[in-house]
Amino acid sequence: MEKHSEVDAELRIDYDSMCNKIAKELTTESEGIARNYATHSMTIVQNFVETENYRRMEEIITRKGAVLVKGPPGAGKSQNAFHYANKFRKEHQQSIVWRVHCKSTREMHLSYTNLMLRLGIREVIRYSESDINECIRMMFDRVYKKLTEDEYTQHTHLIIMDDMESPKTAQEVHEMMEYFIIAKNIYVIGTSQHRYSPMLTYKYGTEVSKMTDNEVIELFKLDNNTNDTTDISEIKELAKKMDYLPLCLALAASYIRITKTSIGQYNKNWSELQKQAHEISIEGKKFDASYILTLEKLEKDLPESSKKLLQYIPYLNNNTIPIQLLESLLEYDSSSTETDVNTLLAALHDYSLAAISGKGVTRIIAFHSVTVWFLDKRKSESKRQEERLFLLRHFCYYIDNDARLTETMNRNVKFLEHACCLLRSLEKNGGDSCFETKLFECYLCCSVGVTFHLYGNTQVSADYFFKKAKMFLLKLIPHELKIYEGLKERNVDMSSVENFLRGNDEIKSKSNELFRTLTRKAREIPDDMIKKFVLMKYRSCRDIRLLREYGKLSETDIPKNQIPEQCLQKLIDCKVILPLEDVKEIFLAELFATIMYNHSKNMVFIDEAKDENEDSSIDSKTHTSEYRVNKEALHEYHYALNIAAKLDDYIKEISTNLHSVRYILTKRGGIYYFMRRLKSKEITFEVIESLNEMIKSGSEKLYFDFGVLKMCKNYDLYQRCMIQNILRMSNLVLSEQVPTEKENYIQQALFHCDKMESILPEMEPWIALTSVHLDIAETYMTVVSPRAEKAKHHFKMAFEKQELPTRYKLKAYKSFVRFCYQKGEVEDFVLAEDFSQKKSKRLSDGLDNKFATCDVSSTYSSNEDTETKNKYEQKVKELSDKAKSSTDSINSVRDDYVTTPNDDMAMEEKSQERKQIISTLDRLEQNIVAKIEEMHEKLLKVEIERLDVDKRRLEVEKERLELDKEKVRLLSNKGNKT
């Protein structure tokens, strides 16, 4: 493929910035993981009122751009912040409004990961558990730099640093907050139960603790139309007993309104209960009676199935619980799931126990942390462990480790954050040491890792969960850990496809031994666990259709997405499900191969993301001149493929036409992920031969995944498409390796593109559809211009078809814009330019990224400042030269076009098109000149901003000295009095 020109190399920087628009679509506030951090998750209770505390907070942030809110639990810190955020969002539609969870490093990491995706920052930052704080710091630096660039300085943004309680992250969080405060275009709200630094508290602090008498009366009037003088007196008395805490009073007002209890009677009941309340903590003591009254009323009125849902809330992410999760928890034993869930939601809303946003299937439930605390504190530890283990099994049934289908990925993403919360809870409380529990934890970590891997910009989180899954499984066979570690650094054998994919004889021997250990250990799995796993596993509609067709069952036999127990034996007899004793024996081996393959693939993606930062050309990944491979990833892959091969042999012994889907997917994936950079002509021929053999031999075979039929004839669409894609890629490689046959191999690549195009309409359910469109379009870009129209079609289809916010969609937009600049028609060229001018900084975007951002956190010496300035000026000079060269090229193109001889009719027909082209080229030329002038202005602006930062630092230092002086004076006075 042709390489980008120097001018295009500058333009491609523009592509990245254009994609910021797309990143907003990828992380919309109602879709995906991002809803846990944007305003969609910032719900407020039904009877929220703007108190004096809120108005003081709003006044401080409006005047100073930052406010740090301190107060005890239930005082309304987060509710006030969320209320302000929702008002801010309505007034600033184009702004970033984001909540950073500061309660733990893991939550902070996820907050910044999704904020990076929201901002279009595609960089993957590696980390280990020991240096996660450094990783968070690097992510913060990228986010801060992006928000303070020209494109984002046009708007004011809001960052909420919520729950700044963890002592492990206190220093880092306060430093981040200080940098956000300094930025002119970023508003900051911090919430904490503890004190901030004295200097920040003095300037930005406010305390939220108590409501006033008038506010309390207004709250009860709002809920109960209270006007009686006696009632008002009793309200004041009740408020005093509740220490004027907003959450307690909101619960009381809602309870009185719903139950029609008099204020005097509630006051009496509350006082009696408070005397009996268990004083678990100082904070809890104030809330006990309010919650006991409300929860006892709920338990009395709600149906049993609705009450059951409440017990699982403490183990979930209480801020964003999707309606689908609650419904799934009742599918086992409720015939009226939707009614029971709606009954619960109505009660929670009415009693001010939860806030509900959205409508229908998009509803999201948010519980106050104090509500969650009270739901949890009423249980014994044995009850908690029982509920955690139920949820662990539930998430294993509902979150799949094969998330290639859009339907599956959607479900995985909705449950993802809650599964992470559960895993943290199990880890924190020691979990359960039994074999079954550890196995379920291993399976869930693998499924969570797969989802993070596919989601986009979350490969680092995927890496963390794959390592945890591997750790759980290796603990079940601890003596095998050393074998794996010892083989990590062996050399790569590239003598043949087989040797490259399977590794050397020692690895094969160790894999055989490992397989025997895994099957032997699997015999300890309880029979009941395997049976329940097969029956309870939530399957996609495609998988259910497959089971019905090959199991000769009707829609009434399998009405839902789980296998009914009465159909199990028939499915086994029809060889649609393997005998349960065989499913049990290969379960660990199947899981091990799945973990190792996905982890190795994820490591490849992390490496390629790093390469993309250095060279964002899409072609470079397939056509780099130097072969590089992550040895750790390759050796994990060796184990995955060898274990999968043993699985395949095991299943073939049951029946010759039965096979393991894990083997064929792992082998195909290895060719794609590890062999696409190989430059050996012989290896490429061998790859093509191997793939053609897959096509010939796969048509009549049945492929199983965890004992259940997964792929077969007419249900192998994805497999066929991916094989054709690798054949396309291989022929393009051969077109470079064999120049004399270049045209022939290009035609072969186009033939495989045609094959892929023929099955694309059926690929709608697969999230990789976007990637397939892109690969076809890139192929058409390598041939003559008549194919350009087809390339444009596939570039457009790539981003139009992809609805999920996965890594594929951002790549699709970037590729389309590059095409418009390289080979598009006039209207495409204008479209790309318009796209660029709306959301990016023409040509100089990359220069701004590298040199022009004024980093207020930097402590450059004067020499470093000079060096940076010199580099900046050198870049401006290079851009000036490039602009001159581009201008000459534009003039040349214009002259060639205008002076090309044409007959009179041709001139008549093309006059309008010529005008459009000349107008577009003139506009481009003007833009380049304008940018050069803009660059010089920015040089001056950078110097002014540096001086301004220094001035602010001096002011801060002056304030600190004055505080120290005041402390000395106070100490002196105290000493004199003594």
Side-chain angles (χ1 to χ4, degrees), residues 328 331-333 335 393-394 396-405 407-408 411 436 439-440 443 447 519 522-523 525-591 593-594 644 647-665 698-719 765:
S328 71
E331 284 185 353
Y332 302 119
D333 51 11
S335 57
R393 290 189 292 271
H394 181 80
C396 286
Y397 299 150
Y398 275 80
I399 301 179
D400 208 329
N401 58 28
D402 181 2
R404 294 172 296 163
L405 284 166
E407 172 195 349
T408 307
R411 185 176 66 255
E436 181 180 349
L439 186 52
F440 272 124
Y443 184 93
S447 300
T519 52
R523 293 166 193 157
I525 302 174
D527 293 339
D528 186 54
M529 173 194 161
I530 294 297
K531 183 178 179 180
K532 281 187 176 180
F533 185 86
V534 171
L535 295 175
M536 303 300 291
K537 187 67 178 172
Y538 193 93
R539 305 183 189 277
S540 68
C541 294
R542 170 197 173 276
D543 293 341
I544 292 297
R545 285 197 304 271
L546 174 60
L547 295 177
R548 287 174 184 156
E549 181 177 336
Y550 279 78
K552 301 174 183 176
L553 296 171
S554 66
E555 191 171 334
T556 54
D557 292 326
I558 310 181
K560 296 184 179 180
N561 293 74
Q562 292 164 312
I563 300 172
E565 187 170 0
Q566 61 269 23
C567 298
L568 179 60
Q569 191 55 50
K570 184 175 181 180
L571 291 172
I572 293 174
D573 294 339
C574 293
K575 295 186 178 179
V576 176
I577 296 178
L578 298 179
L580 293 183
E581 57 269 22
D582 292 316
V583 178
K584 172 181 174 178
E585 187 148 344
I586 62 175
F587 193 91
L588 287 182
E590 187 112 41
L591 183 55
T594 304
L647 277 169
D648 195 55
D649 293 339
Y650 183 98
I651 295 174
K652 280 191 292 187
E653 289 180 4
I654 300 173
S655 180
T656 54
N657 72 323
L658 306 186
H659 292 266
S660 168
V661 75
R662 186 62 46 203
Y663 174 66
I664 193 169
L665 295 184
S699 59
E700 300 302 326
K701 294 178 179 178
L702 302 178
Y703 294 93
F704 289 77
D705 183 42
F706 287 96
V708 180
L709 184 62
K710 187 73 173 180
M711 188 177 78
C712 57
K713 188 177 181 180
N714 299 327
Y715 286 88
D716 60 348
L717 182 70
Y718 185 89
Q719 170 76 352

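Quick caveat, the model's predicted, so the values are computed rather than measured.
In this structure E555 satisfies the side chain to side chain donor-acceptor pair (under 3.5 Å) test with no other residue, sequence neighbours excluded. Partners of S554 under the side chain to side chain donor-acceptor pair (under 3.5 Å) rule, at least two apart in sequence or in another chain, are T556, D557. Partners of R404 under the salt bridge (charged side-chain N to carboxylate O under 4.0 Å, His left out) rule, at least two apart in sequence or in another chain, are D402. The ring-ring contact (aromatic ring centres under 6.0 Å, His included) check on F706 picks up Y443, F587, with sequence neighbours excluded. Among residues two or more places apart in sequence or in another chain, the side chain to side chain donor-acceptor pair (under 3.5 Å) test is passed with D400 by none.
A 4.5 Å side-chain heavy-atom check between Y550 and K713 finds at least one atom pair inside the cut-off. Side-chain contact between H659 and I651 is absent, with no heavy atoms from C-beta onward closer than 4.5 Å. Between I399 and R411 there is no side-chain heavy-atom pair separated by less than 4.5 Å. Residues K710 and Y703 have side chains not in contact (no heavy-atom distance under 4.5 Å, counting atoms from C-beta outward).
Atoms CD and CG, on E590 and N401 in that order, are 8.5 Å from each other to the nearest 0.5 Å. Between atom OG of residue S540 and atom CD1 of residue I544 there is a gap of 7.5 Å, rounded to the nearest 0.5 Å. Rounding to the nearest 0.5 Å places OG of S660 at 9.5 Å from CE of M711. Atom CG of L439 and atom CD1 of I525 lie 5.0 Å apart (nearest 0.5 Å). To the nearest 0.5 Å, the span separating NZ on K652 from CG on L647 amounts to 11.5 Å. To the nearest 0.5 Å, the span separating CG on D543 from CD1 on I558 amounts to 11.0 Å.
Scanning all heavy atoms of the two residues, the minimum distance from A593 to R662 falls at CB-CG, 3.8 Å. Of all heavy-atom pairs between S655 and K575, the closest is OG-NZ, 3.6 Å. Closest of all the heavy-atom pairs between E407 and N561 is OE2-ND2, 4.0 Å. For C712 against L702, the heavy-atom pair with the smallest separation is CB-CD2, 3.5 Å. When all heavy atoms of T408 and A403 are compared, the pair lying nearest together is CG2-CA, 4.0 Å. Smallest separation of non-hydrogen atoms from G551 and C574: O-SG, 4.0 Å.
Of the N and O atoms on the side chains of Y397 and Q562, not one donor lies less than 3.5 Å from an acceptor on the other residue. No donor-acceptor contact under 3.5 angstrom links the side chains of Y663 and D649, judged on distance only.
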Take L665 and Q719, measure what side chain to side chain contact (heavy atoms under 4.5 Å, CB included) needs, and give me the verdict at the end. CA-CA 8 Å; L665 295 184; Q719 170 76 352; 3.7 Å; yes

Let me see the working for R539 and I563 under side chain to side chain contact (heavy atoms under 4.5 Å, CB included), right down to the final yes or no. CA-CA 9 Å; R539 305 183 189 277; I563 300 172; 3.6 Å; yes

Dump the intermediate steps for side chain to side chain contact (heavy atoms under 4.5 Å, CB included) on Y650 and D582, then the final yes or no. CA-CA 9 Å; Y650 183 98; D582 292 316; 2.8 Å; yes

Go through L568 and I577 one step at a time and tell me if the side chain to side chain contact (heavy atoms under 4.5 Å, CB included) criterion holds. CA-CA 8 Å; L568 179 60; I577 296 178; 3.8 Å; yes

Residues 527-534, side-chain donor-acceptor partners within the protein, below 3.5 Å, at least two apart:
unit_1 : atom_1 : unit_2 : atom_2 : d
D527   : OD1    : K584   : NZ     : 2.7
K531   : NZ     : E565   : OE2    : 2.8

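The side-chain contact (heavy atoms from CB on, under 4.5 Å) with L578 is formed by just one residue from the set L571, V708, L658; it is L658.
Judged purely by atom type and a 3.5 angstrom limit, K552 has no side-chain atom pairing as donor or acceptor with the backbone of K570.
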